[in-house]
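The next block holds one structure in the form of structure tokens; read it before the comments.
Convention: sequence-line order gives letters A, B, ...; per-chain numbering from 1.
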Amino acid sequence: MGIVIRKDQWINLAIIATTLWFMWLASTYFDEYTVRILNNIAIFTILAVSYNLINGVAGQFSLEPNGFVAIGAYVTALLLLDGDAKEYQYDIEDPYPWILGLQANFIWALFFSGVFSALLALSLSFPVFRVRGDYLAIVTLGFGFIIRILAINNPEITNGSLGLNDIPEFSNLYWTGGIAILSVWGILNIVNSKYGRAMKAVRDDEDTAIAMGVNTFKIKTFAFCTSAFLEGVGGGLLAALLTSISPDLFTFFFTFQLLIIIVLGGLGSTTGAIIGTILVIGGAEWMRFLDEPMNFGFFETPAMPGMRMVVFSIILILVMLFAREGIMGKRELKDLFKPKSKL
Amino acid sequence: MIRVNNLHVYYGLIEAVKGIDFKVQEGQIVSLIGSNGAGKTSTLEALLNSVKKTGEVNFSGYDTINHKTHTLVQRGFSLVPEGRRVFINLTVEDNLRMGAFNNDENYERLKDAMYELFPRIKEKRLQMAGTLSGGEQQMLAISRALMSEPKLLMLDEPSLGLAPKIVGEVFETIAKLKKEGITILLVEQNAFVALKISDYAYVLENGKIVMQGVSKDMIGNDEIRKKYLGG
Amino acid sequence: MILELKNVTKKFGGVTAINSTTFAVNSKEIYGLIGPNGAGKTTMFNIITGNYQATDGEVIFKNEKINTLKPHVIVRRGVARTFQNIRLFHTMSVIDNVLIGFDFQTNYTYLESIFRLPRFFGEEKRIRGRAMEILDYFGIAKFAEHKATDLSYGQQRKVEIARALATSPTILLLDEPAAGMNPAETKELADLIRKARDDFDLTVLLIEHDMKFVNQLCDKVLVLDYGKTIFEGLPANAIKDKKVITAYLGDFTHDSC
Amino acid sequence: MLMDSLEFIQQMINGFSLGSMYALIAIGYTMVYGVLRLINFAHGDIMMVGAFLGYFGMAVLGLPFVAATFLAVVGSSLLGMLTDKIAYKPLRNAPKISLLITAIGISFFLENTFNVFFGGTPRPFNVPEYMEYIINVGGIIFSVASLIVPIVTLLLLAIILWVLYKTKYGMAIRALAFDVNTVNLMGIDANRIIMLVFGMGSALAAIGGIFWAVNYPSVEPMMGVLIGLKAFAAAVVGGIGSVGGAVIGGFIIGFTEVVVVAFLPEYSGYKDAFAFVLLILVLLFKPTGILGINFDKSRF
């Protein structure tokens, strides 16, 4: 019995091959600025598809990414920096001895970032998913704040508000792009399994899902922890790309950007999350002009830092009011190739 | 008073009411009877414009098809909804106050009239409505609906979930209301109690009117008896 | 005896919805719960499925007390249900709706699904096959890939029953399955339920208003009125019973005739 | 540590004052949640706008403090009602997640619009002199403001409770929390009642914001975020949906914060985290809060 590859699998393979070829092309020929944007797109793809899993697929409104990305970034940074580098840069307080001893290679650093985030997510699941309601949003919003407060108030671990610098720059397009492809693959595998079906059932009608024997607490927890795991990994990649991190990097704006991405792409669609990432991250670069002084010929506006964020929030509100389904709705790429059938 | 022509009601895919005509004349009790799912409640909801529908509804000369529920109530409709739906977290008296929301000047007078009509709820006027028994809740729901001094009172399944003895009491009250000149549209699956107090009746089945006539004549009708016992 | 309710009482605030009701359903029986609207029938279902906690009394299923178990656990023990107003998962296809019923009978882990390990493929193939069999049984296999809520009302009702059967129940609770159907559809449904009872080795407990439907289908009926049992026995006798007639039709028997 | 009774009383007064501010803001959260089951993320930012309006009233228009407060109250309630009309009302029948996302959008919009036009640096708030007057009663030192804040709060609470329990509009608000359709059947436009709720909640938030600005004499565009989060935690602790609960929750959060900072100064860096910890504990052990209503009813 040979391996039979269906039509949509051919399409997937073609997409993966094209992406790999593009990664090679970009890292060989593109300028540094473009590569940085591509790296950003790859990392945000990881974050967006995982954020979409809890928000879009399982329908549980959460505002967690900045918290878990921060955790991942710090864990990776602490594992990648060697003892000397740490001793040298802790200015506020001396680091704990065990901090100096932390050390791992890049893969393990990313893995631990993910696991640590997922464990924290697990501990949040108990208060939040045990009661039905909308507390997930507010608890995760608060969680993001707490992580920042902890990072600022524990200089023995995090070097406080100064953050960590000189993190070895391990991330490149092969790492970010490769992990992005794996994440998309893994998430799609979940979505197209009994777990993904159960998540959608919880989103559509939680009571009925229970009436079919689904353990909805477990399903929501799985979705939440999986998101947290990949957000931790994404945070690790980000730390190893930027080479310096500080608590101010992980404000609510970070989460907000991801929210726009998945809403614009279509809540619940992994394909949509990827399209949204390209549009928003690319668009954010393009919209930089908004923050700068503008010359309308007859008059010139002063520089308005933050104007982009105003535009982002207006886009988000407009999409919710007038095009709630976003670009893809709940469809995936393969659904576009299905012939339209009539009953 | 009210004339309905070619009314269709839709719930998503289901056409719950499939083109019915009926009318209620001033001072009468008219009942719509039929088994569960025949389209009775849908008809009432359509009169109050809370569902998707097509057709013509003429209420004392006004075309009401495009008005919102709350303006229709201000125009003189009043509904005692299925399952009573009293505000369980409000006191009995506050429930009556809600009924007179747009009728401030007559509130005190009407309140006293209701307490006279239903002495049982007067005793409990400061209790939360949720603590009343089913029968008392039904009486409260009726008096709340009367607080707006409606031109047309509609009752949706007033016998629902009530013990037979209480059903008797409720229907006696309805008959009394008619004597005071209130026009009533009654929707009921308990066909015989409805027929007993009404002047005219329409029988609904699967969204269509299958029979109509003067209530007195229908009581003795074998077919009706058969239908509602399934014999 | 497969399901037994002993002195079950349910109070909401001060109102008693069910007043010390006792009844027992035998294996392979089609048992009808009837009574006027608001008589506490759906509440009874919710107590059996664990959605409500009985204020008093016991629910015994296959010789075990189940009234303290969580709803999803009770389903896994073999109690399946449908809803009065059809509740399908509206963004999902017909087959995915049915596959949710197989959820807890599908044996692969989360990691096996993420990494697409062999057991994932084997199990998916197995349950898909079984889901298609059930859809085929109901004559709706050709709609498998359609969005469930695009189907007609009667077909949606069948999807809902198919989905409930996918949980491999011992007892199936049907909440007004014939509501909104015309006489021809009702007849077809009655035949289908009876056939499914035989083919799937089921016990059926159903709520219904349509006396004709109950008469055609049920082996035994329980008539509830305002939370109290007023009749238990053969449906043919129910419609001759004085108390039942009074509850259903009002007291016309001694007044107006 | 030996608890000095003078200092204890001193801290109680501070806690009362801080708790009052949380309570004022929490009432808006709890009322909107009651009628729409919506966590109105923009509520903290409406408080911020209120504080800014007070600031502009005094610094730009030269109004006296009371008039500026009045301006803030009117402006905030109009803004609150406007957000309902533009952003929430069109989504009444949409899935709840759409409503929550829109609320986040409004919140982010207000923060960043103020940030762009007025800058992120805190602006000093002109506190009237009489508010800063220090009273010394037998060694207990407190400002007039820390006395006025709780008094005004209790007064406003009395007014709110009077409205809710004694006027027909208040009854309609309470009725709406349980049954929207039947409220319409009373000839009441439920949407107007919902708007009224937004107006009332926003007015209280504006007063809370002004008090905040008086206590920490400055205003800045992001001030609503953390205060809003804590006030929401207060609403949950007290029991979401209950106005009295919001006040109790506000005082609990206020007192905890003051007590911890005063008596466990080594943990004062975490003072913003206590509300959150309390929120988690309540969700774990008593999800309905102290006076809460169970909105979690299954819809079978």
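Only the side chain of C:Ile127 comes within less than 4.5 Å of a heavy atom of chain A; its backbone N, CA, C and O stay farther away. Using a 4.5 Å cut-off between heavy atoms, C:Thr167 touches chain A through its side chain atoms alone. For chain A, no part of C:Arg77 is nearby; none of its heavy atoms comes within less than 4.5 Å. Neither the backbone nor the side chain of A:Ile187 comes within contact range of chain C; no heavy atom of the residue lies under 4.5 Å from a heavy atom of that chain.
At a threshold of 4.0 Å, the pair C:Glu124-A:Arg197 counts as salt-bridged, since one of the basic side-chain nitrogens sits closer than that to a carboxylate oxygen.
In this structure, A:Ile107 places its CD1 atom where only 12 or fewer heavy-atom neighbours from other residues, nucleotides or ligands lie under 6.0 Å away. Residue-environment remark: CG (C:Asp199) exceeds the threshold of 12 foreign heavy atoms within 6.0 Å. The neighbour count for A:Phe116 CZ, taken as heavy atoms of other residues, nucleotides or ligands under 6.0 Å away, does not exceed 12. C:Glu188 CD: 12 or fewer foreign heavy atoms inside a 6.0 Å radius.
Across every non-hydrogen atom of A:Ala211 and C:Phe83, the tightest pair is CB-CZ, 3.8 Å. Nearest heavy-atom pair, A:Ser193 versus C:Phe120, reported as atom, atom and distance to 0.1 Å: CB-CE1, 3.6 Å. C:Val75 and A:Gly213 get closest at one heavy-atom pair: CG1-N, 3.5 Å.
Counting heavy atoms from C-beta outward, A:Asn215 and C:Arg76 have side chains that approach closer than 4.5 Å.
For the atom pair C:Asn51 CG and A:Ile210 CD1, the distance stands at 7.0 Å (nearest 0.5 Å). For the atom pair OH of C:Tyr110 and NZ of A:Lys218, the computed distance is 11.0 Å after rounding to the nearest 0.5 Å. Atom NZ of residue A:Lys330 and atom CE of residue C:Met92 lie 12.5 Å apart, to the nearest 0.5 angstrom. Atom CZ in C:Phe102 sits 12.0 Å away from atom CE in A:Met212 (nearest 0.5 Å). Separation of atoms CG (A:Asn189) and CD (C:Glu112) is listed at 12.5 Å; rounding is to 0.5 Å. In this structure, C:Leu111 CG and A:Ile190 CD1 are separated by 9.0 Å, a value rounded to the nearest 0.5 Å.
Looking at C:Asp103, its side chain never comes within 3.5 Å of a backbone N or O of A:Val214 through a donor-acceptor pair. C:Tyr108 places a side-chain N or O within donor-acceptor distance of the main-chain N or O of A:Lys194, the cut-off being under 3.5 Å.
For the options C:Lys70, C:His90, C:Glu123, C:Arg116, heavy-atom pairs under 4.5 Å to chain A are most numerous at C:Arg116.
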